[in-house]
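A, B, ... follow the sequence lines: proteins, then strands. Residue 1 opens every chain.
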Number of protein chains: 2
Amino acid sequence: MSVTGEMLIGATALRGGDSEIRATNPATGEQMDPAFGGGGAAEVDRACALAAAAFDTYSNTAPGQRAAFLEACAQAIMDIGDELIDRACAESGLPRGRIEGERGRTVGQLRLFASVVREGSWIEARIDPAMPARQPLPRSDLRQRHVALGPVAVFGASNFPLAFSVGGGDTASALAAGCPVVVKAHSAHPGTSELVGRAIQKAVQQCGLPEGVFSLLFGSGGTLGSALVADPRIKAVGFTGSRSGGTALMKIAANRPEPIPVHAEMSSINPVFLLPAAMAKRAEAIGKGFVGSLTMGAGQFCTNPGLVLGVEDDRLKTFLDASRVALEASGAQTMLTPGIYKAYEEGVSRLSTNNRVETVAEGKPAEGGPYQGRAALFTTTAQHFNEDETLLEEVFGASSLVVRCPDVETMIAAAEKLEGQLTATILMEPEDLELARKLVPVLERKVGRILVNGYPTGVEVGHAMVHGGPFPSTSDSRTTSVGSLAIRRFLRPVCYQDFPQDLLPEALRDGNPLGLWRRTDGELGKN
Amino acid sequence: MSVTGEMLIGATALRGGDSEIRATNPATGEQMDPAFGGGGAAEVDRACALAAAAFDTYSNTAPGQRAAFLEACAQAIMDIGDELIDRACAESGLPRGRIEGERGRTVGQLRLFASVVREGSWIEARIDPAMPARQPLPRSDLRQRHVALGPVAVFGASNFPLAFSVGGGDTASALAAGCPVVVKAHSAHPGTSELVGRAIQKAVQQCGLPEGVFSLLFGSGGTLGSALVADPRIKAVGFTGSRSGGTALMKIAANRPEPIPVHAEMSSINPVFLLPAAMAKRAEAIGKGFVGSLTMGAGQFCTNPGLVLGVEDDRLKTFLDASRVALEASGAQTMLTPGIYKAYEEGVSRLSTNNRVETVAEGKPAEGGPYQGRAALFTTTAQHFNEDETLLEEVFGASSLVVRCPDVETMIAAAEKLEGQLTATILMEPEDLELARKLVPVLERKVGRILVNGYPTGVEVGHAMVHGGPFPSTSDSRTTSVGSLAIRRFLRPVCYQDFPQDLLPEALRDGNPLGLWRRTDGELGKN
């Protein structure tokens, strides 16, 4: 396979003529070949038309067939081999080990959804059998299943060029639900996008599915991206990126003649709460562990710990000292794109020139690369934190702010002031239990995942994961964008009343031919 | 109990000073006592503050306690006795038998949700146990449950003064989910609203719950209703009513600093498809059955069959003849409000003066009451239907339009043109199976419930019901507003990572103390 710069619309590949997009190697600053042709309204129209045409067939594939397709996607991505790893490293500046790990995560995710599709609980089959003799009125036979929403627009994220991009979590869960997908590639890694897109295109063909199941478009967010979300054939949106980007898509979706759901994962500062007994026991170790989480991957994670709250005492001083030492030893790291680097530098500069904020430490200066970010740690008082709303804004990268609270009550009050978050972390010992019990109900209202004695970076792809949370961490807190529950974002229930057996979908027929967990008169069973 | 005209804010009752609201008895046109005082910003603020204050306690009640509260609400509604029936009849113009039945539905709904809360599957407990020895990285202990979204604003509907109003489906499902509720009463039945509101207020007190679990406000939709949806403490909205009302709330919710989900059930014309073999066998019976469904309750149901599609032949003529006879024998019925009557008359007049449309029949003229609606049946050709988008608009009341199609392909093509619907109905015989198989995938994309050989009015409250559908039938097709799945509208997942046992919510603790169905590493079981 080689990167051509073409878009993939159904089974075809074609060069867009609306704009030229080139990746920048952020380690060197050089522009990479080839140039990609951005698409426009015509390409959006064609991809959406194919997706709509594919819908009835694809959404009604048997679970086994759809699962096999997801597995074929995973295999085809692996089959690209080193070309994919090399290209993703060059386009993202991320190290090889990270990209290899991310490829594993990506194909693992596709395979997890294959197993979810086969297991079949996502169908949520329910049967309320007829009661013809019921008084005063008989009851009809009512059966419910979940069906795919329709074609889904997916926006690739910059910070996971594989796992949250063309073949990432949004695509995997939408395809698992039975929805054709039209991806708008992130312009930061077009070559990686094309390679993965061609792998999925190949899997579509291998599995004999309609070509419209998958398309990949290049272009600007403001024009092509907006047109995609506005297209009447698109029925839901998956997005990971900035707050401004996500809220722009939410507005477009809400203002359509037919509004549609947007699942945008956006902005989170992931507060870390340092409870007293934990600090008494291990303030230094917590400082080191925190800086490890903060600086990992140049801090370019949605779950990066951008805010720390602790009680101002000697232990917090120990924590700050240990953090300073660890942070000052941390090397500058190449950031994903020139734009992300610039925004990070501006965010750090805003904090370092804010007279309510003190700088605790900076990481080592950049060596060599033009877009290397230095880690940065700041501190402020609870009072200043309450006075200055800009301190709640995410600085995407390895920057964090430690808020020194006079007491634990102030720490809980600060938690109440937070916007919605993907995660919150509690560092505690058994002696902190009473305090933790006061904090957890506040955090349950604010965040999607609460951790004890860990760090928020590292998002497991499993069944119990929640990568979501109240606005602005996401646009819809009722879901997750990582883990098997993500399939539900793209499903809706349909009820079949008094259907003859041979018109019913297989999942709902008498005798349970698919062997599903089904709810009969509200009771779960395999009958 | 007696009706005072006061709002209920937490445990208090107080008279609003912003406006005066009086019910009109639509059977007589007389204004009823007492006058209700409408509230304003201060009352919205107070109700929302109490709801927010109640949230942590109420949302963490044990399933048994919350179920007992729902049952206490049901009992308190029954305890009102005849006063409630009399008042609801007078305010709605609906006959006593209907209101008594609706009361049964309302308390049955509360009791169904009590059983759902006790059974506990709504928690959707998931556990991915720790794998400390996993390579290359260990896995944390991850546990997920669903929690309540936050305080919910509920807008009572005019057409079900009990079952979709103060203590109706939205309130029952939100309370079941653990959400405090602030109801904005429908101005058409304020007395009924107050009586039910006082019953719920009593149940809150009896069960020792925080007063903010329930409040009831009166006022205009444009001011008080808008302020309620805009209040930052409100986290979701339940609404049943007009398309214009629902979309207005959607816009307010989408434009909040923190956008929130709106579950609005709005507009549906509920198409009925007459397949050839069924028509050959029983065109006359179908005509009679259809008119029975059309005229029930003066046609004031969300699922009223406002559109019929059939092939133009002798059988359709038989159907139209039978429909005419039945319809002309149907008496005029008092409609819910002067406004609904007026809108119905305008809708019928618009159809009868549309030169693409022929009038088939009208029901008997009004006798006595000022707001009695006459049933009306119209017909048009498929070509005219395609040319005139106004024919897709809902006329709320006992009016329907029969579209004469040249062939079955045209019928399917017409189905493709429909907006989202709550229901679609197929009249068929086994010989129609092949045609039905072509129609069902189209309908699955468009509607929430598909019926065979029935009529869409009559919405069973059970586990398999879907009362929902794509826009504009609702604002969010991923849910239902009737049936036990409705609880999910007001829930969101939270993940607990590496929590000590004594900090975990009971639902997720080792040993499964609540005896729930839980998913361990993706596998359902009771362990």
Side-chain angles (χ1 to χ4, degrees), chain A residues 56 60 115-116 119 121 126-128 139-140 142-144 147 149-150 250 254 258-259 261 430 433 436-437 440-441 444-445 448-454 460 462-466 468 470-471 475-478 480 484-485 491-500 502-503 517 519 521-522 524, chain B residues 55-56 60 115 119 121 126-128 139-140 142-144 147 149-150 250 254 258-259 261 430 433 436-437 440-441 444-445 448-454 460 462-466 468 470-471 475-478 480 484-485 491-500 502-503 517 519 521-522 524:
Chain A
D56 285 357
N60 281 299
S115 75
V116 165
E119 193 267 347
S121 287
R126 294 174 169 219
I127 300 176
D128 293 344
R139 181 170 84 178
S140 291
L142 294 161
R143 303 183 187 221
Q144 181 188 118
V147 302
L149 265 186
M250 289 168 71
E258 178 196 4
L433 191 63
R437 284 199 175 124
V440 166
E444 280 173 335
R445 279 188 266 119
R449 177 165 58 111
I450 311 172
L451 304 81
V452 168
N453 292 336
E460 184 74 32
H463 299 283
M465 176 51 63
V466 177
F471 186 89
S475 54
D476 188 340
S477 69
R478 293 167 298 171
T480 172
S484 60
L485 189 69
L491 295 168
R492 45 175 276 264
V494 171
C495 173
Y496 303 82
Q497 180 170 329
D498 289 331
F499 264 47
D502 42 11
L503 191 60
W517 284 102
R519 204 169 276 279
D521 266 331
L524 261 184
Chain B
F55 180 76
D56 285 358
N60 281 299
S115 74
E119 194 267 348
S121 287
R126 294 175 169 218
I127 300 177
D128 293 345
R139 182 169 83 178
S140 292
L142 295 161
R143 305 184 186 219
Q144 182 189 117
V147 303
L149 265 186
M250 288 167 71
E258 178 196 3
L433 191 63
R437 284 200 173 123
V440 166
E444 281 174 335
R445 279 188 266 117
R449 176 165 58 111
I450 311 173
L451 304 83
V452 168
N453 292 336
E460 184 74 32
H463 299 283
M465 175 51 63
V466 176
F471 185 89
S475 54
D476 188 340
S477 70
R478 293 167 299 171
T480 172
S484 60
L485 189 69
L491 295 167
R492 47 175 275 265
V494 172
C495 173
Y496 303 81
Q497 181 169 327
D498 289 333
F499 263 48
D502 42 10
L503 191 59
W517 284 102
R519 203 169 276 279
D521 265 332
L524 260 184

Tell me, out of [options], who's got the most heavy-atom pairs with chain A below 4.5 Å.
options                                : value
B:Asp476, B:Asn453, B:Leu433           : B:Leu433
B:Gly522, B:Ser121, B:Pro493           : B:Pro493
B:Gly462, B:Ser475, B:Pro259, B:Ser484 : B:Pro259

Chain A heavy atoms under 4.5 Å from [X]: which part of the residue, side chain, backbone, both or neither?
X        : value
B:Leu491 : backbone
B:Met250 : side chain
B:Val440 : side chain
B:Arg143 : backbone

Beyond-backbone contact of B:Arg519 with B:Ile127, side-chain heavy atoms, under 4.5 angstrom: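 B:Arg519 does not reach B:Ile127 side chain to side chain.
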Carefully, step by step, assess A:Leu485 and A:Val466 under the rule side-chain contact (heavy atoms from CB on, under 4.5 Å). CA-CA 8 Å; A:Leu485 189 69; A:Val466 177; 5.7 Å; no
Residues in side chain to side chain contact (heavy atoms under 4.5 Å, CB included) contact with B:Ser477, at least two apart in sequence or another chain: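 With neighbours one apart ignored, the set is A:Leu149, A:Arg492, B:Pro470.
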Output the option from [options] having the highest count of non-hydrogen pairs under 4.5 Å with chain B.
options                                : answer
A:Ile450, A:Asp498, A:Asp521           : A:Ile450
A:Ala436, A:Ser140, A:Ala464           : A:Ala464
A:Arg478, A:Glu444, A:Arg449, A:Glu258 : A:Arg478
A:Ala254, A:Gly468, A:Pro441, A:Ser115 : A:Pro441
A:Leu503, A:Leu142, A:Thr480           : A:Leu503
A:Arg445, A:Glu119, A:Arg139, A:Met465 : A:Arg445

Point-to-point distance, once rounded to the nearest 0.5 Å, from CG of A:Asp502 to CZ of B:Arg437: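 Rounded to the nearest 0.5 Å, the CG-CZ separation comes to 5.5 Å.
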